[in-house]
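By convention here, the first residue in the shown sequence is residue 1.
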Amino acid sequence: MLLEFDDQKGLIRERALLDPNYVVEEDRIVGRDEQLQEVTKMLRVALGDNRPPNLFLYGPSGTGKSLITKAVCHNISRICKSRDIQFGTIEVNCQDLDTLGIAVYELVQQAADEAGVAVEVPKHGVATKEKWDELYRIVNEHFDSVVFVLDELDMLVGRRDKQEPAFSRLLYQLSRAGTNDDLNAYISVVAISNDTKMMESVGSRAVSSFTPEDVHFDDYDADQLQSILRRRQDAFHEDVVDEAVIPLAAAFAAQTHGDARKAIDLMRVAGELAEREGDTRVREKHVRTAQAKVEKNRVLEVVRGISTQKKLCLYATAAVASKTDSGSARSTTGYRVYQYLTDAIDADQYHQETYVNKMKELTTYSLVDFERRSHGPSSGMFLEFQFGERPETILETLREDSRIEAVSEDEVNSVVEAQIRNQT
C-alpha cells in the first residue's frame, strides 16, 4: 500500500512553502513593506559593532510579526557570517511555557542549539539564577551579537502569587543583562504579542530597562491574502490548482482578522485532501472542507489548555452569538446563560465581573474580541463579544468536554432564545 501511494503523482511539489512558519524569501512577503523596512533598519546595526534597539511587535495573529522577524534575522545572520561576526537568533514561543524558570531554560536550550554546544544545567532541581548564569555563559562564549525573539510573550503569565507577570520579569532580566556586566555580547530583545495592551502589564522597572521601539501590524485584507497565496502557489505542481481556490481561501481567512497563517493552512489542507481523494486537481470543494477542518483544529488548540470555568464562559457566550443576527453576544446575556450552565452541572459560579474578565482573557488567542456598547439609556453599558471563528464550531468543539456534553443542547438553546427575547 505504501509503494502504491508512493507511485501516485502528488499535487504538492514543495510542502515547506505551505508551512506558515517557514522562512520565505523577501519577495514572497506581501503587504508588509513598511514593517519589513522598520525591523530591518533597527536590527541591521548588529552588522557592525553596535547594540540593536529592543522591539515590541504587536497586532493580530497571522499578520506577519514572526515571519518578518525571522526573515530579517536570517538575512543578518547570512551577512554576519561573511564578515566573521558571530550572530545568533535565540527564539522561543511562550505559549506553552508555565513559569519564568521554564522560559529561561528554554532560552538556554535554544542558545545551546544555536551555538552547537551542550547545556550544563538540568531543567529541574536548580534555581532560576543558575539557568540565567548558564544562558550568559553560552552567549558570552559563542556570540558577538544576539537577538532574543520572544514570540507570544503575553502568554507567559507565570505564577499567580507574583506581583507582576512572568513576561515582565523576563523582559527586565534580559534587557538589564544587556546593559551591565552579565553579557559581553550585544543583545536585542524582540517581544512579539497579539495583545496590543501587553505593555500596560509590564512593571515599571522592566519598562525603563526594556524601552522598545514599537512596530504595529494590522490585519491583511482579502487582496493581500490572495497575493500571499499566489506567491506560494508554486508549492503545487503547475496547473493543478483551480482558479477559484485562492480567492476562496483568501476570503475565508479575511473573515478571521485577515490571518495569513489560516490562509496558508487552508491551501495546505485543501491540497492534502485532494491528494488523499486521488483527485487530479485542488478544487473549491476541497477548500470548503479544509475550512471546517482548520477552523476546528484552531479552536481545539485553544480550548485544550483552558480551565473548565473558561470553557463554560466561552460556551455560554458562543451559544448566544450563534442565535443572533449579528453573530455577536452581549456580556449581560452571555452571563445569564453562563449562570444556567453552572447550575446545570453544579459548578462554582463566578460574579458577572469575573465572567467578563475570563472572556477578556480569551481575546489573547484571537478567538474572541469585544467592544463596549450601549443600546440606549434603558440598556446601560455592556460589552459585546464577537468571534474570530464560527460560534457553531466553538460549541461543537467544547461539547467534547464531558461536563458540557452532559447539559442538554436543546435546553441551552431554549434558555438562550428566552434571554435574547428579554434583552432591552
Between Thr317 and Val368, does the side-chain contact (heavy atoms from CB on, under 4.5 Å) criterion hold? Intermediate values first, please.
CA-CA 10 Å; Thr317 314; Val368 65; 5.7 Å; no
Applying side-chain hydrogen bond (donor to acceptor under 3.5 Å, both in side chains), can you list everything that pairs with Glu238, at least two apart in sequence or on another chain?
none
What do the steps show when you test Glu295 against Glu396 for side-chain contact (heavy atoms from CB on, under 4.5 Å), and what is the final call?
CA-CA 11 Å; Glu295 209 174 50; Glu396 180 187 341; over 6 Å; no
Kindly compute the distance separating CG (Asp195) from OG (Ser201), expressed to the nearest 0.5 Å.
7.0 Å
With Ser168, which residues qualify under side-chain hydrogen bond (donor to acceptor under 3.5 Å, both in side chains), at least two apart?
Glu164
Please confirm whether the backbone N or O of Val189 pairs with a side-chain atom of Asn54, one donor and one acceptor, at under 3.5 Å?
yes
Nearest heavy-atom neighbours spanning Ile12 and Phe236
CG1-CE2, 3.7 Å
Check: Gln291/Lys262 side-chain N/O donor and acceptor closer than 3.5 Å:
yes
Among residues two or more places apart or on two chains, list those pairs meeting salt bridge (charged side-chain N to carboxylate O under 4.0 Å, His left out) that have a residue in residues 407-419.
Arg399-Glu409
Sequence-distant partners of Gln224, side-chain hydrogen bond (donor to acceptor under 3.5 Å, both in side chains), two or more places apart:
none
Any chance you could measure Leu171, atom CG, to Leu150, atom CG, to the nearest 0.5 Å?
6.5 Å
Applying the salt bridge (Lys or Arg N to Asp or Glu O under 4.0 Å) test to Asp279, which of Arg276, Arg283, Arg281 qualifies?
Arg283
How long is the gap from CD1 on Ile68 to CZ on Arg32, to the nearest 0.5 Å?
7.5 Å
Under 3.5 Å donor-acceptor, Gln35 side chain and Val215 backbone:
no
Pair up each side-chain donor or acceptor in residues 17-26 with any protein partner under 3.5 Å, not counting sequence neighbours, and list the distances.
from: Asp19; atom 1: OD1; to: Asn21; atom 2: N; distance (Å): 2.9
from: Asn21; atom 1: OD1; to: Arg261; atom 2: NH1; distance (Å): 2.9
from: Asn21; atom 1: OD1; to: Arg261; atom 2: NH2; distance (Å): 3.3
from: Glu25; atom 1: OE1; to: Arg28; atom 2: NE; distance (Å): 2.9
from: Glu26; atom 1: OE2; to: Asn75; atom 2: ND2; distance (Å): 2.7

Output every pair passing ring-ring contact (aromatic ring centres under 6.0 Å, His included) with a member in residues 50-70, not counting sequence neighbours, ordered by first then second residue.
Phe56-Tyr58, Tyr58-His216
Would the distance check show the side chain of Gln349 and the main-chain N or O of Gln339 forming a donor-acceptor pair, the cut-off being under 3.5 Å?
yes
May I ask you to decide whether Glu213 forms a salt bridge with Lys41, counting only side-chain N to carboxylate O separations under 4.0 Å?
no
Go through it in stages, so that I can follow the logic: the residues are Lys360 and Val356, the test is side-chain contact (heavy atoms from CB on, under 4.5 Å), and I'd like the CA-CA distance, side-chain angles, deciding distance and then a yes or no.
CA-CA 6 Å; Lys360 283 182 177 178; Val356 167; 3.9 Å; yes
Check Tyr220 against Gly62 and note the closest heavy-atom contact, atom names and distance.
CE1-O, 3.4 Å
Looking at Asp27, I'd like to know if its CG atom is crowded, meaning that more than 12 non-hydrogen atoms belonging to other residues, nucleotides or ligands lie closer than 6.0 Å.
yes
Tell me, please, which residues at least two apart from Ile345 pass side-chain contact (heavy atoms from CB on, under 4.5 Å).
Leu312, Ala347, Arg403, Val407
Nearest heavy-atom contact between Leu43 and Pro53 is CD2-O, 4.4 Å
For Tyr335, enumerate each residue passing the side-chain hydrogen bond (donor to acceptor under 3.5 Å, both in side chains) test, keeping only those at least two apart in sequence or located in another chain.
none
So, Tyr350 and Thr342: side-chain donor and acceptor under 3.5 Å apart, yes or no?
no
Val119 side chain near Tyr105 side chain, heavy-atom distance below 4.5 Å:
yes
Taking ring-ring contact (aromatic ring centres under 6.0 Å, His included) as the cut-off, I'd like each qualifying pair that reaches into residues 278-333, sequence neighbours left out, listed once.
none
If I take atom OG1 from residue Thr289 and atom CD from residue Glu277, how far apart are they, to the nearest 0.5 angstrom?
7.0 Å
For Tyr355 and Cys313, the nearest pair of non-hydrogen atoms, with its separation, is CD1-SG, 3.6 Å
Val147 vs Ile76 side-chain heavy atoms within contact, under 4.5 Å
no
Over all atoms of both residues, closest heavy-atom pair of Ala115 and Ile138:
CB-CG2, 4.3 Å
Could you give me the CA-CA distance, side-chain angles and deciding distance for Arg176 and Arg205, then say whether side-chain contact (heavy atoms from CB on, under 4.5 Å) is met?
CA-CA 10 Å; Arg176 195 173 66 110; Arg205 291 189 316 158; over 6 Å; no
Keeping the roles fixed (side chain from Lys131, backbone from Lys123), state whether a donor-acceptor pair exists under 3.5 Å.
yes
What's the shortest heavy-atom distance between Ala250 and Gln226, and which atoms?
CB-CG, 3.5 Å
Check the side chains of Glu114 and Gln110 for a donor-acceptor pair under 3.5 angstrom, ignoring hydrogens and angles.
no
Contacts of Arg288 meeting side-chain contact (heavy atoms from CB on, under 4.5 Å) (sequence neighbours excluded), chain-then-number -> Leu248, Phe252, Glu284
Separation between CD1 of Ile90 and CD of Glu106, rounded to the nearest 0.5 Å
11.5 Å
Separation between SG of Cys80 and CG of Asp144, rounded to the nearest 0.5 Å:
8.5 Å
Taken in chain and number order and not counting sequence neighbours, the residues that satisfy side-chain contact (heavy atoms from CB on, under 4.5 Å) with Ala321 are Ala329, Phe387, Pro391
Taking the side chain as C-beta and beyond, is there a heavy-atom pair between Asn297 and Val269 under 4.5 Å?
no
Spell out, as yes or no, whether a donor-acceptor pair under 3.5 Å connects the side chain of Lys65 to the backbone of Gly59.
yes
Mind checking what makes side-chain contact (heavy atoms from CB on, under 4.5 Å) contact with Asp151, not counting sequence neighbours?
Ser66, Glu91, Asn93, Ile192
Hey, is the main chain of Asp234 close enough, under 3.5 Å, to the side chain of Arg13 for a donor-acceptor pair?
yes
